[in-house]
Amino acid sequence: TVAVARRAERRLAPARGALATRVTELLTGTAELTVAGALPARITETRRADRLLTRIASRAATATALGDGLTALISGLTVTATALVGAQAVADGRLGGVTMAVVVLTPLAAFEAVLGMPLAVRYRHRVHRSAERVYEVLDAPEPVREPERPRPAPASPFPLAVRNLTARYAGQERAALAGLDLTLQQGRRVAVVGPSGSGKTTLAQVLLRFLDAETGTYTLGGVDAHAVDGDDVRRLVGLCAQDAHLFDSSVRENLLLAKKDATEAELRDALARARLLGWVDALPDGLDTLVGEHGARLSGGQRQRLALARALLADFPVLVLDEPAEHLDLATADALTADLLAATEGRTTLLITHRLAGLAAVDEVIVLDEGRVVQRGPYAELAALPGPLRRMVERETQTELLVGAR
């Protein structure tokens with residue numbers, strides 16, 4: 001049983017995971033797959049994964065069946081042999097009839113102790129494989145080192161200062177950020193732009209203490225952010241991400257995650273600043289309207305505005321907006337950017353974006369390329385000079401013209 005079960009159980013868990021992934025992708029992406037004409041191919045792949053899992057599970061079941069069958073066979077042969085020997089002993093007068101019955105039934109009782117061993121072997125291998133996957137997670141290096149004795153968080157994070165910051169992801173040769181300097185005073189708004197992979201999101205992860213800097217300093221109000229507990233840092237520096245999660249609950253409950261004791265007036269004020277109050281008031285259930293799993297009942301713009309309203313309700317001293325207009329059409333993206341810049345006026349904000357519309361309203365624009373600052377200054381000044389930002393403006397203008405022509 002051990003020999004047969006070892007290989008089958010080693011392959012069973014990965015095959016089960018592969019099938020679960022295929023089924024989940026099929027159920028959640030049916031609309032996109034249908035539009036792309038890829039649904040039949042994905043269904044075929046799912047069926048292939050199901051057949052593979054069925055074959056492996058059958059082999060695993062064979063191990064148990066083999067063990068149970070051999071146990072029953074050996075047990076039966078032992079009882080038969082005992083009965084034959086006992087009958088001869090009774091015939092010779094060396095054994096009484098009652099004693100013979102006890103002798104014949106003794107093997108049955110003895111084999112009960114090993115009947116569960118074949119199944120136990122299978123579960124032992126299964127648990128061992130599960131433990132290996134758990135230990136892979138537990139033994140993985142921690143992306144952030146929390147201080148053993150955290151310092152108290154400063155009352156105010158200002159100035160938030162980053163000096164000569166370099167950050168690198170595990171296993172990557174090139175630094176995601178290199179030699180970055182940044183200062184955020186109270187009320188100052190800075191936009192960080194650049195192509196994909198330039199280090200924009202990496203900066204957000206460092207500021208939120210989701211990633212440790214390799215070199216350089218990061219201070220909040222003069223206190224080393226790496227000496228403060230990560231949760232305390234995230235109470236001072238908040239995030240509104242492009243993929244901010246919305247729970248399968250009501251608008252109200254999604255907002256209350258940011259401030260559980262918020263009043264009705266505070267909820268409505270946050271929605272108004274995110275330009276979402278009119279839409280909520282027009283709904284039959286208002287704030288108690290269900291948004292669906294991952295906000296499925298909302299449009300992309302409404303999901304991002306609700307996430308923004310939640311971030312505004314939390315009232316973080318420093319707010320990081322990471323690609324809030326990502327995955328939206330140009331008109332919706334520009335409208336959302338304009339609204340969030342209006343909503344964050346007077347608030348310390350770091351806007352990470354690939355869109356340039358509306359950036360004239362921020363105090364400074366930082367242009368990143370391959371993790372390094374290649375340009376920085378007021379938007380109007382950078383857009384007028386030959387350089388990376390001006391080229392980005394020209395490309396964006398051409399894209400808008402093409403979209404408008406269509």
Side-chain angles (χ1 to χ4, degrees), residues 143-144 160-170 172-184 188-218 225 233-234 237-244 300 304 307-308 311 316 318-328 330 333-334 336-338 340-341 344 347-379 382-383 387-396 399:
V144 177
L160 183 157
V162 169
R163 293 289 177 268
N164 197 29
L165 183 75
T166 298
R168 188 189 312 271
Y169 293 102
Q172 297 294 317
E173 294 184 4
R174 183 177 69 84
L177 279 177
L180 177 71
D181 291 334
L182 172 68
T183 301
L184 287 177
R188 183 174 176 80
R189 296 191 296 179
V190 175
V192 180
V193 300
S196 297
S198 60
K200 303 189 301 295
T201 298
T202 302
L203 175 59
Q205 291 182 335
V206 171
L207 295 181
L208 271 294
R209 289 293 319 281
F210 292 149
L211 178 69
D212 275 337
E214 190 174 71
T215 60
T217 61
Y218 169 27
V233 171
R234 288 182 284 275
V237 184
L239 174 69
C240 180
Q242 58 176 291
D243 54 353
Q304 286 301 108
L308 174 63
F316 297 110
V318 179
L319 179 59
V320 178
L321 301 169
D322 185 10
E323 296 282 11
E326 186 77 358
H327 310 309
L328 301 178
L330 296 183
D334 290 348
L336 177 63
T337 301
L340 67 87
L341 286 172
T344 57
R347 301 173 60 93
T348 307
T349 308
L350 182 73
L351 172 61
I352 296 170
T353 180
H354 67 286
R355 293 287 296 164
L356 305 178
L359 295 192
V362 304
D363 300 299
E364 183 184 24
V365 176
I366 297 176
V367 183
L368 293 179
D369 189 18
E370 295 187 350
R372 296 184 179 276
V373 177
V374 293
Q375 231 181 352
R376 67 190 309 164
Y379 175 78
L382 297 183
L389 186 71
R390 185 169 177 175
R391 291 194 295 270
M392 293 174 64
V393 172
E394 292 171 351
R395 284 195 298 269
E396 190 167 291
T399 301

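Computed from a predicted structure; not experimentally measured. Numbers here simply count residues along the sequence, with the first being 1.
Gln205 places no side-chain N or O within donor-acceptor distance of the main-chain N or O of Leu211, the cut-off being under 3.5 Å. Listed for the Tyr218 side chain is a donor-acceptor partner under 3.5 Å among the backbone atoms of Leu207. Proximity of a side-chain donor or acceptor of Arg188 to a complementary backbone N or O of Asp363 within less than 3.5 Å is not detected. Counting only distance, with no hydrogens or angles, the side chain of Thr353 and the backbone of Arg355 share a donor-acceptor pair below 3.5 Å. In terms of modelled atom types and a separation under 3.5 Å, the side chain of Arg189 and the main chain of Arg347 share no donor-acceptor contact.
The side-chain hydrogen bond (donor to acceptor under 3.5 Å, both in side chains) search around Arg395 returns none, not counting sequence neighbours. Residues passing the side-chain hydrogen bond (donor to acceptor under 3.5 Å, both in side chains) test with Arg234 are Asp231, sequence neighbours excluded.
Going from atom CD of Glu364 over to atom CZ of Arg376 covers 4.5 Å, rounded to the nearest 0.5 Å. The distance from atom CG of Leu359 to atom CE of Met392, rounded to the nearest 0.5 Å, is 8.5 Å.
Contact detail for Tyr169 and Ala176: the closest heavy-atom pair is CE1-CB, 3.7 Å.
For the side chain to side chain contact (heavy atoms under 4.5 Å, CB included) with Leu350, the lone residue among Val318, Val237, Leu321, Leu182 that qualifies is Leu182.
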Run the side-chain donor-acceptor check on residues 193-200: report pairs under 3.5 Å with partners two or more places apart or on a different chain.
from, atom 1, to, atom 2, distance (Å)
Ser198, OG, Pro195, O, 2.7
Lys200, NZ, Gly194, O, 2.8
Lys200, NZ, Pro195, O, 3.2

